[in-house]
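Structure, as structure tokens:
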Number of protein chains: 4
Amino acid sequence: MRGERDGTDDTDASGARQSIGARRNPASAAAILDAAEALLAEKGLGGFSIEAVARAARAGKPTIYRWWPSRTSLVLAVYQRSKQVLPEVDTGSVAGDCRAFLTSLLTYWRDTPSGQLFRSVVAEAQHNTEAAEVLAAYSDERHNGTANIFRRAMARGEIRADIDPVLAAEMLASFARGRLLTGRLDAPPAAIERVVDQFVGGLRA
Amino acid sequence: MRGERDGTDDTDASGARQSIGARRNPASAAAILDAAEALLAEKGLGGFSIEAVARAARAGKPTIYRWWPSRTSLVLAVYQRSKQVLPEVDTGSVAGDCRAFLTSLLTYWRDTPSGQLFRSVVAEAQHNTEAAEVLAAYSDERHNGTANIFRRAMARGEIRADIDPVLAAEMLASFARGRLLTGRLDAPPAAIERVVDQFVGGLRA
Amino acid sequence: MRGERDGTDDTDASGARQSIGARRNPASAAAILDAAEALLAEKGLGGFSIEAVARAARAGKPTIYRWWPSRTSLVLAVYQRSKQVLPEVDTGSVAGDCRAFLTSLLTYWRDTPSGQLFRSVVAEAQHNTEAAEVLAAYSDERHNGTANIFRRAMARGEIRADIDPVLAAEMLASFARGRLLTGRLDAPPAAIERVVDQFVGGLRA
Amino acid sequence: MRGERDGTDDTDASGARQSIGARRNPASAAAILDAAEALLAEKGLGGFSIEAVARAARAGKPTIYRWWPSRTSLVLAVYQRSKQVLPEVDTGSVAGDCRAFLTSLLTYWRDTPSGQLFRSVVAEAQHNTEAAEVLAAYSDERHNGTANIFRRAMARGEIRADIDPVLAAEMLASFARGRLLTGRLDAPPAAIERVVDQFVGGLRA
DNA sequence: ACCTAAGCGAGACGGTACGTCTCGTCTTGCG
DNA sequence: CGCAAGACGAGACGTACCGTCTCGCTTAGGT
């Protein structure tokens, strides 16, 4: 029977996505971001190109350029969409919190696409002003979040009153980032323990 | 039929650098590295291309590819050539050494092309295995060098005997690298002082 | 990382020919063929390169390769476009027709770019199968056209009934082609007269 | 390709041919011409390059350029070396001589490398003045040789006294060349017979 | 119920850079 | 001085993407 339809018939067989009128099609945006994320996660910044994203998303290049005016902004959009604050655990001690922070961050970067994604953003930020600004702002924000570890500890009287929580957070996070960027995410618990011990306890005899 | 040319060659007759026989011409290598370094320092990885290097160096592309098989390896070569260990000062105290280390490193990166150069290497390492390996090896080596600060302090009995000097060096250097990669090399002395204080003295009350 | 560009694009703003949508731009095709014809006519196959054509036509190389997958096919396209059947004159006698044919053909080749164009096609056909096939097919077609001279004469009873008109045409044309390919287009009328006399009258005493 | 040896590879097992003092080494010249001829015969002008010849002959490029200043002159040298006048048969009749001439020429071109070689020379002559001159001179010489067919016939009184023997030879040879250049060397005896009949007997009823 | 406006896919456009090939020149070290 | 070897500057090869453009289609919302 000609007219037989099994509801799944939208847009012909090939699944071409079309305009939904004079407004942005969220399906296209999603398809593009999905494709971009997949490409970035899979091959990193190399192999990531607007053409490749358009192909993978079955989208037209102008559709991409309309909403993300450059490669960088698409990378950033993917990154913004995917990033999620790691659950902030409160172990009750600053050392425990630091250990949990480092462990979960390294694991998160190692076991999800986010690691590759963040590496891409950092790489992009090394020669693109916009990405650099986004990265700097994001770093501030994250360090500020992580600083809660030290604010709590200070409130408990566990650490010195003259500690700068954000600076301490930056120091801790920098170590993790250094490991990410040099491809050494697989630090054993003992190594993390040592880092935390030196960081919290200081070096002095 | 490929590459047919009519006699209109004339090679410009001017200061053309030519072969010096069946062996590498150091003048060409130097010109290429100089040009590559200039481009990298001036514009970063963007704007850095083999074509541009060849143009700037008045060299043929095959001459570049003969000796540096990829963009990455040329970036690395430039970087290897330019890097120089900062003078290792011995101020007599671990805090002084750390302060000197951070201050001179940030200044060096800020005031010489080396900062941009190193940023390029890091960016390259985020999607290129070879660059990643070189960066990892270089990081190890540098941290090991910086670790001398802590080895000396340990010998003086100034710091705990269970400190891992290399790990401590990595923590200190990671902070500096984090600043480089997020474009914040202009830390005032007070900020550096604080970092060193927290790092050496620890957080504990 | 490939093809990264900083914003310094600016496309010159002048008379840039651009896309007219997702279909071929005839202006580009014309500009390319014009440029190719000019280059071929001026310098022959030497000095003819896709790069040179692209430069002269202010076209991108991919635009050329999109429509003409090889140098050969571009040469053939130029040739196909330019070729035009010489007016078929009917002088009333086979000798007169042959004389007119040879004279006008040699003159045409000598005084228009077509001579150089045809030489290029022949040269190309000596090492390229596609060009060889096109040349063979074209030769057949032309000889068949020229054969009309002999068909008319046969109808008039002027020549033997067992003459093969196409073969006769090939013999006549081969002589002209031989002159073209050896650079002897300036045959005086007397020489042509003699060729025609021997050809039509035969050798026998 | 380096180690590949076909029989033509003189020079002993180690393969290194060296200077024999301050004079030309005939073994090198021979190896070069052999290699060039093999390449031309095998792949035609495409695939023929000085580099390829040098590789195949295990010769240095300067050695080639020393003796043959251009690709064209090397092609011509190969051609000159290989060309050999076909045995001039005297069948006693002009028609028989013409038939023998065409048959043996087409067969020779079809069954030996000489056909491809001559095609290369003709192609080269279409955009290279030197080759054009050599080809023109060679054509003259050959036509003059072939003209003997008609000189003999004239002496026998078999053909008209006002025939131009060289011109007649050119007409005959042009037909054969046309066939060579359009890749139609496999004319059956009947077709050749017909050509000869029309040529010798003329067209007139 | 039309009509305008904008988003969509598609893909051609002028370009730049890629990495490879050959050009013709040069200089070496050996014989 | 001839030779093999091979580096050199130059530039064409054919391909991949760049970012821009226009097309023909679709649909929503204002008239």
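Just so we're on the same page: letters track the sequence lines, and every chain starts at 1. Model, not experiment: these values are computed from the prediction. Computation of the quantities below employed the complete heavy-atom set of this structure, encompassing side-chain atoms and omitting hydrogens, waters and symmetry-equivalent molecules.
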Using whole Å, report how far CZ of A:Arg55 lies from P of F:dC18.
-> 9 Å
Taking only residues two or more places apart in sequence, or in another chain, which ones meet B:Ala27 in a side chain to side chain contact (heavy atoms under 4.5 Å, CB included)?
-> B:Arg17, B:Asn25
Value in whole Å for how far the C1' atom of E:dC18 lies from OH of C:Tyr65 | 14 Å
Nearest of E:dC8, F:dC8, E:dA12 to any side-chain atom of A:Arg24?
-> E:dC8
The complete set of ring pair (Phe, Tyr, Trp, His ring centres under 6.0 Å) pairs with one or both residues in residues 50-74 of chain A, sequence neighbours excluded, reads none
Determine the contact category for B:Ala52: base if any of its heavy atoms lies under 4.0 Å from a base atom, sugar-phosphate if only primed atoms, P, OP1 or OP2 are that close, otherwise nothing.
-> nothing
Contacts of type salt bridge (charged side-chain N to carboxylate O under 4.0 Å, His left out), residue C:Glu51, not counting sequence neighbours = C:Lys61
Only counting residues at least two apart or in another chain, list the ones meeting side chain to side chain contact (heavy atoms under 4.5 Å, CB included) with B:Gln80.
-> B:Lys83, B:Val134
Report the residues that fulfil side chain to side chain contact (heavy atoms under 4.5 Å, CB included) with C:Ala52, sequence neighbours left out, ordered by chain and then residue number.
-> C:Leu39, C:Ser49, C:Arg55
In whole angstroms, the gap separating C1' of E:dT22 from CG of D:Leu45 amounts to 15 Å
Is the distance from OP1 or OP2 of F:dC3 to the nearest side-chain N or O of D:Arg66 less than 4.0 Å?
-> yes
Separation of atom CG in C:Leu74 from atom P in F:dG14, rounded to whole Å | 11 Å
Separation of E:dG7 P from A:Ile64 CD1 (nearest whole Å) | 15 Å
Would you indicate what B:Trp67 reaches in the nucleic acid, counting non-hydrogen atoms under 4.0 angstrom: base, sugar-phosphate, or nothing?
-> sugar-phosphate
Report the residues that fulfil side chain to side chain contact (heavy atoms under 4.5 Å, CB included) with A:Ser70, sequence neighbours left out, ordered by chain and then residue number.
-> A:Thr72, A:Ser73, A:Glu130
Which residue, B:Ile50 or C:Ala57, contacts DNA chain E at a nucleotide closer to its 5' end, judged by nearest heavy atom?
-> C:Ala57
A:Leu40 and side-chain contact (heavy atoms from CB on, under 4.5 Å): which partner among A:Val53, A:Val121, A:Leu74, A:Leu117?
-> A:Leu117
Strand contacts (DNA chain F) in residues 25-40 of chain B, 4.0 angstrom heavy-atom criterion | B:Asn25, B:Ser28
Flag side-chain contact, heavy atom, 4.5 Å: C:Arg66 against C:Arg24 = no
May I have the distance from B:Lys43 (atom NZ) to E:dT16 (atom P), rounded to whole angstrom?
-> 13 Å
When B:Thr63 and C:Ser49 are each assigned the nearest nucleotide of DNA chain F, the 5'-most assignment goes to B:Thr63
Euclidean distance, atom CZ of residue A:Arg58 to atom P of E:dG7 [Å, nearest integer] = 22 Å
Starting at atom CD of B:Glu51, determine the distance to atom C1' of F:dT15, rounded to an integer number of angstrom.
-> 13 Å
Please collect all salt bridge (charged side-chain N to carboxylate O under 4.0 Å, His left out) contacts where either partner lies in residues 25-36 of chain B, sequence neighbours excluded, each pair once.
-> B:Asp34-B:Arg81
Atom pairs, protein N/O to nucleotides 26-30 of chain E N/O, distance under 3.5 Å:
{"from": "E:dC26", "atom 1": "O4'", "to": "B:Gln18", "atom 2": "OE1", "distance (Å)": "3.3"}
{"from": "E:dC26", "atom 1": "O2", "to": "B:Ser19", "atom 2": "OG", "distance (Å)": "3.4"}
{"from": "E:dT27", "atom 1": "O4'", "to": "B:Gly21", "atom 2": "N", "distance (Å)": "3.3"}

